[in-house]
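Contents: one structure, followed by commentary.
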Amino acid sequence: MSNNPPTYSVVIPVYNSTRTLPELVERLTNVFNAAGLSHETIFVNDGSPNPETWPILKTLAAAYPQVRAFCLARNFGKAGAVLCGMQHARGNWIITIDDDLQHAPEDIPLLLAQQQHDVVMGSFTNRKKHTLLQRFGSRVKAYFDSRILGIPAGLKNSPFKVFRADVVRNMLAIHTSRPFIPSLMLYVTRDIVQVGVTHHAREHGKSAFTLRRRIRQFSNLIFGNSSIVLQAVAFLGISIAMLSLTYGGWLIIKHFLHGAGVPGWTSLMVVMLTLGGLTLFSIGVIGEYLIRIIEGIERRPAYFVREEV
Ligand code: UDP
Ligand code: MG
């Protein structure tokens, strides 16, 4: 590893891959050499069960001066691996790319052409390499991404990105044990643009993102970044309370016009429904406090400075 920090740091979370890794290093080296740019490649082995993965990374780190590799103690999930790589990146720009060659290193210059922005995302112009279920999942996720995180309209999130180093530094200032990269990114900046790139088919192995993993990631978004579920409960509660009050008013009028049916039934119903609704509403209010506590524990700074003159 040379002492001069490189201009670009490529961060690659690795899970179980083997065959793609040497090719990835080779192609990244070619891309940066051709452009005359210095770079480092940081692999983070995310506790891959495959016993071959880590030895291959060690060999690559020994063979190439620009390659560094970290091995996490266990499988922490992709976001944890990416954050580990970001923490150790020394470049002025940090590029995140998958380990399976589904994102082509040759597309990196397309992203770098826009590097005056805080973040450049490679959005995939073709997604047919994913199954129908995966694409449905992406749709649902995209909806909540925009609803919860406020991803600007028309922007399609993708893991293939170039970040300015200070954006990454600010993202790392947020302390969370269940990180969600787009949430951290959007908390720091909205100066995000996208560039069309091709999504390639996986040639070796299977996607590590089983339905269960995707659901877990999704639940981190829903529960870690919003009180959306309890907001829905609050809305249901206040609706029930309002309807009960209206219904109660009508029952009271009916009581005086037609006399009581079963004594006490009217008042009992009105009190029960109204209180039930208000209870649900209160749970929603508690949700609002909870999300504020979560954000407080994460020590989310109230602001980030982009520039000072
Ligand atoms: N990954 C990881 N930890 C995991 C699962 C996946 O670091 O627990 C990495 C994996 O090495 C790859 C990226 O996340 O670089 C995307 O994984 P994959 O290709 O399996 O998912 P897909 O492309 O189907 O979304
Ligand atoms: Mg993949």
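Note that the numbering runs from 1 along the sequence shown for the chain. Order of appearance sets the numbers: ligands from 1, and atoms from 1 within every ligand.
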Without swapping roles, check the side chain of His117 against the backbone of Asp191 for a donor-acceptor pair under 3.5 Å. no
Closer than 2.8 Å to the Mg ion (ligand 2), do we get an N, O or S atom from Ser207, backbone or side chain? no
If the cut-off is 4.0 Å to any non-hydrogen atom of Arg214, which atoms of ligand 1 fall inside it? 24 (O), 25 (O)
Using distance alone, decide if ligand 1 has a nitrogen or oxygen within less than 3.5 Å of any nitrogen or oxygen in Pro13. yes
Quick one: does ligand 1 sit under 4.0 Å from the side chain of Asp46, the backbone, both or neither, non-hydrogen atoms only? side chain
Within the 4.0 Å heavy-atom shell around Asn75, which atoms of ligand 1 are there? 3 (N), 4 (C), 8 (O)
Does Arg216 count as lying over the ring of Phe218, i.e. NZ or CZ under 6.0 Å from the six-ring centre, within 45 degrees of the axis? no
Backbone N/O of Thr20 and side chain of Asp100: donor-acceptor pair under 3.5 Å: no
Backbone N/O of Val10 and side chain of Thr41: donor-acceptor pair under 3.5 Å: no
Shortest reach to atom 8 (O) of ligand 1 by a heavy atom, considering only Arg213, Gln102, Lys206, Lys78: Arg213
Restricting Asp100 to its N/O/S atoms, the closest one to the Mg ion (ligand 2) is OD2
Is there a donor-acceptor pair under 3.5 Å between the side chain of Asn50 and the backbone N or O of Asn16? yes
With the 4.5 Å side-chain cut-off for hydrophobic clustering, are Ile291 and Tyr187 part of the same group? no
Candidate with minimal heavy-atom separation from atom 18 (P) of ligand 1, of Arg202, His199, His103: Arg202
Taking the basic N atoms (NZ, or NE/NH1/NH2) and the acidic carboxylate oxygens, is any pair closer than 4.0 Å for Arg19 and Glu23? no
Counting only heavy atoms, which portion of Asp99 has something under 4.0 Å from ligand 1: side chain, backbone, both, or neither? both
Does NZ or CZ of Arg164 fall inside the cone over Phe304's six-membered ring, less than 6.0 Å from its centre and within 45° of the axis? no
Touching ligand 1 at all, Gln217? Heavy atoms, strictly under 4.0 Å? no
Which of the atoms of ligand 1 are close to Val14, meaning less than 4.0 Å from one of its heavy atoms? 11 (O)
Flag Ala208 as yes when one of its N or O atoms lies below 3.5 Å from any N or O atom of ligand 1, and as no otherwise. yes
